[in-house]
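The next block holds one structure in the form of C-alpha cells; read it before the comments.
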Amino acid sequence: MIVIKKAGPENIYSIQSLAEVTWPIAYGSILPQQQLRYMLDLFYSKAALEEQMLQKGHQFIIAFDNDEPAGFAAYSPKSIADNNTWRLHKLYIDPNQQGKGVGKILLDHILSAIKPQGATALELNVNRHNKALGFYQKTGFVITGEEDIDIGNGYFMNDYVMEKSLSPA
Ligand SMILES: CC(C)(COP(=O)(O)OP(=O)(O)OC[C@H]1O[C@@H](n2cnc3c(N)ncnc32)[C@H](O)[C@@H]1OP(=O)(O)O)[C@@H](O)C(=O)NCCC(=O)NCCS
C-alpha cells in the first residue's frame, strides 16, 4: 500500500538515493554523463536540498510502499506574491515502481493540498526529450512555452513549460 508523507531535512538521504537511481534512467539518453552528474550535485546536494526545503519553502513529499521510499515530489507557490499559480519542482518515481500509479498518487496528493490554498494552476518544467512529457499530457498538463535555462558550466536545461488548470476545490 502506498502512503504519502511530508518530508524534511531528515529525509534528505532517501531523496538523494531515489534521485541517484531515477536520474540515470530518465536522463541517461538525453543528457551527457557529465551534465547529469553536474545537475544531481547542483540540485540534490545536502546543502541544495536544505535550501529548497528551509529557505525556498518547497514542500517535499515521499511515497512509501510498505515503508520503502518509492518516489518523491516537491512543490510550492510560484512566488510569495502569487498564491494562485503553483510550481511542481520535482516528481521522480523509483524505476522499479514506475507504471504502477505512484506518480499519479503523488500528483493527486499535491492537487488536493494546493486547491484549498487557492491554487488555480500548477506549472512545471520538463526536458523537451523526457518521456515524462507523455505522463504530464495524460494528467491534463498542456505545453505553454519553451525555455533554455543556463545552469552554469556551459550546460543548459532545454525545457518545455507546462501548465494544468485547476478547478476550485
Ligand atoms: C513520469 C513519472 C513521474 C510517472 O509516474 P508513474 O508512477 O510511472 O506513472 P503512473 O503509473 O502514475 O501513470 C499514470 C498514468 O499516466 C500514464 N503514463 C505514465 N507514464 C507515461 C508516459 N511516459 N507517457 C504516457 N503516459 C504515461 C500511465 O499509463 C497511467 O495512465 P492510466 O491512468 O490510464 O493508467 C515516472 O515514470 C518517473 O519518475 N519517470 C522518470 C523521472 C522523470 O522523468 N520525472 C519527471 C521529471 S520532470
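In each ligand, atom 1 is the first atom listed, and ligand 1 is the first ligand listed. Heavy atoms only: backbone and side chains are in, while hydrogens, waters and symmetry mates are out.
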ask   = Is Lys90 positioned over the aromatic face of Phe60, cation under 6.0 angstrom from the ring centre and no more than 45 degrees off axis?
value = no
note = So the side-chain hydrogen bond (donor to acceptor under 3.5 Å, both in side chains) pairs with at least one residue in residues 126-145 (sequence neighbours excluded) are Arg128-Asp148
key: Residue pairs involving residues 4-24 (criterion ring pair (Phe, Tyr, Trp, His ring centres under 6.0 Å); sequence neighbours excluded)   = Trp23-Tyr27, Trp23-Tyr44, Trp23-Tyr92
query = Could you walk me through whether Asn125 and Glu147 pass the side chain to side chain donor-acceptor pair (under 3.5 Å) check?
reply = CA-CA 8 Å; Asn125 275 47; Glu147 282 180 349; 2.9 Å; yes
ask   = Among all residues two or more places apart in sequence or in another chain, which pass the ring-ring contact (aromatic ring centres under 6.0 Å, His included) test with Tyr75?
value = none
remark   = Sorted by chain and residue number, the residues with a non-hydrogen atom under 4.0 Å of ligand 1 are Thr22, Ala26, Tyr27, Leu91, Tyr92, Ile93, Gln98, Gly99, Lys100, Gly101, Val102, Gly103, Lys104, Asn125, Val126, Asn130, Lys131, Ala132, Gly134, Phe135, Tyr136, Lys138
query = Does Arg37 come within less than 4.0 Å of Glu20, counting only side-chain N to carboxylate O?
reply = yes
